[in-house]
Every structure is written in C-alpha cells, then in structure tokens.
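Structure record follows, encoded as structure tokens.
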Amino acid sequence: MHGGAGTAGASEWLGTQLHQLKHGDPQQVLCQLQELSRELETAAGADSEALKVVRGSLEYLEKRREQIKYAEFQAMDYPIGSGAVESANKLVVEARLKGSGMHWARDQVNPMVALRNIVCSDRWEEAWPQISQRIGEKAKEQAAARRPKPSPEQPTVEQPTSGRVDTGPTLKGSRTLKSRDVQNEPAPNANRPVQGRRQPSANHPWRRMAVGRRGSPRPDQPQS
C-alpha cells in the first residue's frame, strides 16, 4: 500500500480489495492484509493504531472464510447484503412478537420463531416431518423417564418337592405327615354346631369316670 491513511494511494488500495472481495477470490484479500500487517509492524511498530486496525480486520475475515465467498453466492442468486435479514426481522419476528394482542412466554420465543421462519420460507412440507419425528422421540423419552423403575427382585422361597409337606423334625416311632394327610384332615371344629350346647354321647369316657359323679368318693379320700 502506498501512502498512509487518508491518502490517494490508501484509497485506491482499499477500493481494489473491496472489489476483489465482492467479485473475486477472498483468499487474495486475506493475503494482502497479511502483507500489509507485516509492513506496518516493520515501519510503525507492533503498538501502532494502524496495525491494530489491520490485524482486527484480518482476524474478523479469517474466522468467516465460508461466509465471504460473495462471488459464489451471487452466481447462485443468493443475496449478499444484510437488507433481507433486517427486513425479515420485522416481517418474521416482530410481526409475531409485537403485534396487537400477541402473547408469548420467554422460553417459547426461539421455537416459535423457528416455526414461523419455516412458514415464511415456504418450507413447511419439507421440515414438518422431521419436526414431528423429533417431537415423538422426545415424548417417548419423557414417558420413559416418568415410568417407575422396577423394584429389586424379592427372594424366592424354595417349594417342597415330591408332594411332601415339611412339618419339622418327627419323634421316633411317629409317621411322617404327607400331603394327602393334610388334604384329608378335617378342619378344626368343622362339624361343631355354631349355636346350642353339645352333650357327650352315652358311651363317652367322661360318663364312665367316677370322679365328679354324685356319691363318688373324692380323690383324696380312701375308698371303703
């Protein structure tokens, strides 16, 4: 670059770089800025204000290499200015958020604007199947999170085998109680009448006992 800031040489150099950035290869503009940065560092030192401006511009453009391919965008009929975006901010966002009678919550703004952007871009038929699928997956994830977790397995009780009922240790000479004995054993008091007084039978052992009968001697008296 010939001359300092504000000179004719500087204006001519700047015009060339702007034209190259819009209609040519942005990599050539980055190379020119890198060369200018080295010249300014040698001539004015690393702390000069001009060098800081050039390095700031170079860093800004290097981070946006994929966004400054203006010649390619224009060949595909894409807008390269900010006018369309600024206009869409009013027509897409503000028309919904700031319109008369509009209501919304802060955490719903981004999803709502995303849907409105799809509608205004005439891409609803393309985008809605993907959105619907994601909504279904999220609903399943939430349902799985609410589902109670299975409780730990309960200890299993070992059942007796061979149809035998374990009745504990048996005395010597006694027989083992089997399942059929349990099944055939009548329930306690099964035949006892619910009401009324039951009289002993005529041959009941109680009737043959001397103790307790009228005229019989007491156990502590000797019999004559």
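In this text the structure is predicted, and so the values were computed from the model without any measurement.
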Identify the two heavy atoms, one from [X] and one from [Y], that lie closest to each other, and give their separation to 0.1 Å.
X	Y	answer
Pro129	Glu126	CD-O, 3.8 Å
Leu21	Pro26	CD1-CB, 4.0 Å
Ala71	Gly24	CB-O, 3.8 Å
Phe73	Glu66	CZ-O, 3.5 Å
Gln20	Val29	CG-CG2, 3.7 Å

Taking atom [atom1] of [X] and atom [atom2] of [Y], what is their separation to the nearest 0.5 Å?
X	Y	atom1	atom2	result
Glu41	Arg55	CD	CZ	4.5 Å
Leu40	Arg38	CG	CZ	11.0 Å
Gln27	Leu61	CD	CG	11.0 Å
Thr7	Trp13	OG1	CH2	11.5 Å

In this structure, would [X] and [Y] fall into the same cluster of hydrophobic residues linked by side-chain contacts under 4.5 Å?
X	Y	result
Tyr60	Leu58	yes
Leu91	Trp104	no
Ile118	Met112	no
Val93	Leu115	no
Met102	Val92	no

Between the main-chain N or O of [Y] and the side-chain N or O of [X], is there a donor-acceptor pair closer than 3.5 Å?
X	Y	answer
Gln74	Lys22	yes
Ser57	Val53	yes
Ser132	Trp128	no

Classify the ring geometry of His23 against His19: parallel below 30°, tilted from 30° to 60°, perpendicular beyond 60°.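 If you compare the ring of His23 with that of His19, the planes turn out tilted.
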Working for side chain to side chain contact (heavy atoms under 4.5 Å, CB included), residues Glu62 and Leu30: CA-CA 7 Å; Glu62 285 180 339; Leu30 296 177; 4.1 Å; yes
Can you establish whether the number of heavy atoms outside Tyr78 located under 6.0 Å from its atom OH is more than 12? no
For Glu94, look at atom CD and say whether over 12 heavy atoms of other residues, nucleotides or ligands are found less than 6.0 Å away.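 Check passes, neighbour count above 12.
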Taking the side chain as every heavy atom from C-beta outward, state whether Thr42 and Glu39 have any atom pair closer than 4.5 Å. no
Would you indicate whether the side-chain heavy atoms of Gln32 and Thr16 approach each other to under 4.5 Å?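 No. Closest side-chain heavy atoms not under 4.5 Å.
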Is Lys63 salt-bridged to Glu59, cutoff N-O under 4.0 Å? yes
Assess whether a salt bridge exists between Lys140 and Glu137, defined as any Lys/Arg side-chain N lying under 4.0 Å from an Asp/Glu carboxylate O. no
